[in-house]
Enquirer: 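Next up is a structure, given as structure tokens.
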2 protein chains.
Amino acid sequence: MTRKAVNLKMLSEALGLSQTTVSRALNGFPEVSEKTRARVVEAAERLNYRPSPSAASLATGKSRLIGHVVSLSAHIMINPHFADFIAGAGEVYSESGYDILLRLAPLEEQERIYHNLAQDQRVDGVVVHGPLTNDRRIGILNALGLPFVVHGRSDEEGRDYAWMDVNNRRAFHRATEFLVDLGHRRIALVNGIEAMNFAARRRQGYETALAERGIALDETLMFSGDMTEPQGYRATRELLALGEPPTAILVASVLPAMGIARALGEAGLRPGPDMSVVAFDDCLSFLEPIDTDAPRDIPYFTAMRSSIREAGKRVARMLLDRIDDPQRPLESELWEADFVVGQTTAPPSRR
Amino acid sequence: MTRKAVNLKMLSEALGLSQTTVSRALNGFPEVSEKTRARVVEAAERLNYRPSPSAASLATGKSRLIGHVVSLSAHIMINPHFADFIAGAGEVYSESGYDILLRLAPLEEQERIYHNLAQDQRVDGVVVHGPLTNDRRIGILNALGLPFVVHGRSDEEGRDYAWMDVNNRRAFHRATEFLVDLGHRRIALVNGIEAMNFAARRRQGYETALAERGIALDETLMFSGDMTEPQGYRATRELLALGEPPTAILVASVLPAMGIARALGEAGLRPGPDMSVVAFDDCLSFLEPIDTDAPRDIPYFTAMRSSIREAGKRVARMLLDRIDDPQRPLESELWEADFVVGQTTAPPSRR
DNA sequence: AGTCTTTTCCAAAGCGCTTTGGATTTTGAT
DNA sequence: ATCAAAATCCAAAGCGCTTTGGAAAAGACT
């Protein structure tokens with residue numbers, strides 16, 4: 001019945017070896033014979049030895065913590081998206097013995113926070129969430145030399161940082177074309193906050209597609225804001241009140257899309273036959289059926305689809321790779337969104 | 001231009017004081033004069049001194065990290081709820097200089113994980129999420145002596161652990177009574193997973209209220225499962241296919257409630273006039289309008305309402321208090337949910 | 001002035017790990 | 001048998017903080 005946890009000293013004494021040898025045996029250094037290594041590992045197991053993280057961290061400067069600094073309060077829309085991203089990333093971290101250090105802070109404090117996290121050696125790397133166009137955090141992190149990966153992009157080039165992004169421009173371009181091909185000419189856009197780079201790109205895709213088809217932009221059909229259910233609801237009510245309402249709506253998330261559906265329902269309109277709706281679908285978990293064995297329903301929303309959870313996994317892997325070898329060339333990865341046709345699109349209704 | 005971060009030794013040399021005095025000055029010990037304390041604080045500021053967390057942690061055994069161990073993958077429903085809870089808790093932690101250590105792990109591994117976190121002194125305390133009835137984690141944590149607070153309860157007494165819970169039983173009792181008073185007699189329940197204590201209590205409230213009004217239970221009207229949108233959708237379709245469908249539905253979250261609304265819409269039924277719906281509303285952020293200045297809409301769902309974000313704040317405060325003084329008597333707090341009447345309830349329609 | 005407290009400060013010993021720079025033993029080649 | 005090389009192990013010096021057990025200086029009181 002040991003009162004205190006066993007430490008390296010106790011373990012090495014029990015084995016009749018030096019702390020050096022035990023430490024090396026456990027950390028897989030080559031200069032210890034397989035025979036002693038096996039002995040050490042067995043004893044460590046038996047005595048339930050676990051190296052102290054703070055001591056190891058003090059000695060090595062590595063914390064085995066990944067920083068995620070997010071502003072959950074300000075841009076509330078990211079909450080559910082963030083949770084799914086973290087669910088993916090966390091899975092990868094767990095497999096590699098890392099934990100998430102989560103810090104909530106408004107955007108304007110994040111630069112200072114990164115500075116402190118780096119100086120304190122509190123984290124081994126960070127993930128940048130929700131990059132703005134020309135996001136200052138990226139420069140700061142490069143200057144600090146703290147390994148990081150951006151979920152999304154911050155500029156056109158994307159050359160001086162590692163990133164993983166979905167081809168938002170193409171997804172919205174394609175969705176717009178799809179609607180135009182169906183015969184729609186008045187297509188509304190309910191977008192995210194366009195200071196965020198992903199939303200800016202989505203708008204570009206939409207605008208380019210319309211321009212290519214010779215359809216003039218109409219500012220009264222374009223909304224930008226936090227992607228909440230009420231955003232979709234309100235935008236739709238405004239759209240329906242227009243002299244000439246749109247016949248289709250492109251929306252940046254299934255969350256506002258649900259608000260759109262609600263507003264349409266109240267107006268006695270059916271999504272699809274009466275108003276086409278195409279949403280960007282991040283495969284949020286709470287909208288998915290649990291048992292994936294079950295016969296898959298025909299998807300409700302016609303959607304551009306890309307799993308944010310898978311994105312979390314990929315970003316986490318990229319970051320762990322960078323931490324293992326900070327000198328490796330900057331990687332980047334661009335995923336295409338699937339386009340799935342559901343029940344919410346149809347040719348424009350004649351009225 | 002200092003290359004390395006300044007540490008206590010450098011700071012004390014710069015001041016011509018010993019490390020002891022500097023450390024004590026910074027940590028507010030009484031045995032250092034206000035004059036020197038001021039000097040020290042000024043110099044620390046000027047030289048941008050920050051104590052190393054791992055060194056401090058090694059010396060004190062405190063990590064200033066709060067553990068949140070969750071199984072985001074298994075019970076997917078908790079994702080958005082969890083995000084809002086964390087948003088609240090994180091705010092409190094930030095104010096007190098704590099960070100969240102987030103670890104994703106299936107429920108069956110959590111006991112082992114708590115053991116390791118305690119032995120490693122990796123966290124100063126933990127929050128227990130989603131307690132089951134007779135949850136084994138509670139016994140483990142008590143045995144480990146790791147400070148913790150339970151969000152919810154695990155048994156009837158709730159005596160040997162600190163907890164904060166919503167009065168789920170009363171909320172569902174009241175909602176059921178409300179529907180009965182409106183004239184409903186066939187009331188369905190779309191519940192969460194009933195191994196979880198909160199869901200079990202909700203069912204009890206529902207059953208008791210029905211019993212009190214002399215209404216027999218009908219198992220075909222009761223559903224239990226992960227609280228997702230499709231859960232609500234599917235349950236509703238099953239209910240509508242019944243020989244004698246219910247006239248009202250009680251649902252454990254607005255997420256499945258949205259699925260209910262979708263299914264009703266497809267069937268050409270209006271929530272409210274054609275089918276009453278009462279939901280438990282956790283005030284999830286992405287369902288709320290952003291600018292709270294804006295004229296508040298009449299709430300859509302009739303709901304039992306309690307902010308999970310506020311719960312996060314409260315639980316965090318309770319935990320920090322326990323960490324400050326682990327010997328303090330066990331606290332507990334029971335919140336009553338608001339009952340707000342929205343647009344989704346009405347007397348049963350005659351058909 | 002001399003004694004007794006208080007106040008103010010410090011040297012040094014941890015906390016538990018990693019890692020440098022040898023020392024010792026074993027192996028292999030001559 | 002001899003010597004160089006390879007394999008195996010170790011003592012001790014950090015890493016940067018907190019904290020114990022005093023010591024020195026200052027103030028209070030006869």
Side-chain angles (χ1 to χ4, degrees), chain A residues 2-41 43-44 47-65 97 116-122 124, chain B residues 2-41 43-44 47-65 97 116-122 124:
Chain A
T2 36
R3 194 78 212 88
K4 282 209 51 166
V6 21
N7 59 22
L8 186 60
K9 191 175 171 200
M10 296 160 72
L11 177 60
S12 59
E13 279 167 1
L15 278 161
L17 291 174
S18 77
Q19 298 191 30
T20 311
T21 306
V22 175
S23 170
R24 289 191 155 155
L26 258 19
N27 294 328
F29 279 63
E31 50 268 82
V32 46
S33 71
E34 275 313 318
K35 204 191 300 176
T36 46
R37 189 195 306 284
R39 264 184 69 215
V40 170
V41 168
L47 298 179
N48 190 28
Y49 167 74
R50 319 195 80 236
S52 144
S54 35
S57 169
L58 179 58
T60 61
K62 300 292 172 198
S63 63
R64 301 206 75 92
L65 246 27
N116 292 347
L117 289 176
Q119 180 177 343
D120 296 353
Q121 302 194 94
R122 192 124 220 243
D124 296 344
Chain B
T2 35
R3 192 82 212 86
K4 280 210 50 166
V6 21
N7 59 22
L8 186 60
K9 192 177 172 197
M10 295 160 72
L11 177 60
S12 59
E13 280 168 2
L15 278 161
L17 290 174
S18 79
Q19 299 191 28
T20 312
T21 305
V22 175
S23 170
R24 289 191 157 154
L26 258 19
N27 294 329
F29 278 64
E31 50 268 81
V32 46
S33 70
E34 274 314 318
K35 205 190 301 177
T36 45
R37 189 194 307 284
R39 262 184 72 215
V40 170
V41 167
L47 298 180
N48 191 28
Y49 167 75
R50 319 195 79 237
S52 144
S54 37
S57 170
L58 179 58
T60 61
K62 298 294 171 197
S63 63
R64 300 206 76 90
L65 247 25
N116 292 347
L117 288 176
Q119 180 177 343
D120 295 353
Q121 302 193 96
R122 192 123 219 243
D124 296 344

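Side chains included, hydrogens not; waters and symmetry mates left out as well; all remaining heavy atoms used. Just so we're on the same page: letters track the sequence lines, and every chain starts at 1.
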Enquirer: Which pairs, with at least one residue in residues 7-22 of chain B and sequence neighbours excluded, count as a side-chain hydrogen bond (donor to acceptor under 3.5 Å, both in side chains)?
Expert: S18(B)-T21(B)
Enquirer: At 10 degrees resolution, what angle do the end axes of the helix from dA1(C)-dT30(D) to dT30(C)-dA1(D) form when each is taken over five base pairs?
Expert: 40°
Enquirer: At under 4.0 Å, does any side-chain N or O of N7(A) touch on OP1 or OP2 of dC15(C)?
Expert: no
Enquirer: For dT8(C), take OP1 and OP2 only and decide whether either is under 4.0 Å from a side-chain N or O of T36(B).
Expert: no
Enquirer: By nearest atom, which of the nucleotides dC17(C), dC17(D), dC9(C) is closest to the S52(B) side chain?
Expert: dC17(D)
Enquirer: Nearest of dC10(D), dT19(C), dG16(C) to any side-chain atom of A59(A)?
Expert: dG16(C)
Enquirer: Would you list the pairs meeting salt bridge (Lys or Arg N to Asp or Glu O under 4.0 Å) in which at least one residue belongs to residues 49-65 of chain B, sequence neighbours left out?
Expert: D120(A)-R50(B)
Enquirer: Going by the rule salt bridge (Lys or Arg N to Asp or Glu O under 4.0 Å), which residues pair with R39(A) if we only count those two or more places apart in sequence or in a different chain?
Expert: none
Enquirer: Under the side-chain contact (heavy atoms from CB on, under 4.5 Å) test, which residues partner A118(A), sequence neighbours left out?
Expert: L144(A), L146(A)
Enquirer: Mind checking what makes salt bridge (Lys or Arg N to Asp or Glu O under 4.0 Å) contact with R37(A), not counting sequence neighbours?
Expert: E34(A)
Enquirer: So do L65(B) and D124(B) actually touch side chain to side chain, heavy atoms under 4.5 Å?
Expert: no
Enquirer: Calculate the interatomic distance between L17(B) atom CG and dT18(D) atom P; express it in whole Å.
Expert: 15 Å
Enquirer: With sequence neighbours excluded, tell me which residues meet salt bridge (Lys or Arg N to Asp or Glu O under 4.0 Å) with R122(B).
Expert: D99(A)
Enquirer: Let's see if you get this right: which residues in residues 19-26 of chain B place a heavy atom under 4.0 Å from DNA chain D?
Expert: Q19(B), T20(B), S23(B), R24(B)
Enquirer: Start at the 5' end of DNA chain C and walk down; is the nucleotide closest to A55(B) or to R37(B) reached first?
Expert: R37(B)
Enquirer: State which residues pass side chain to side chain donor-acceptor pair (under 3.5 Å) with N116(A); sequence neighbours excluded, sorted by chain then number.
Expert: none
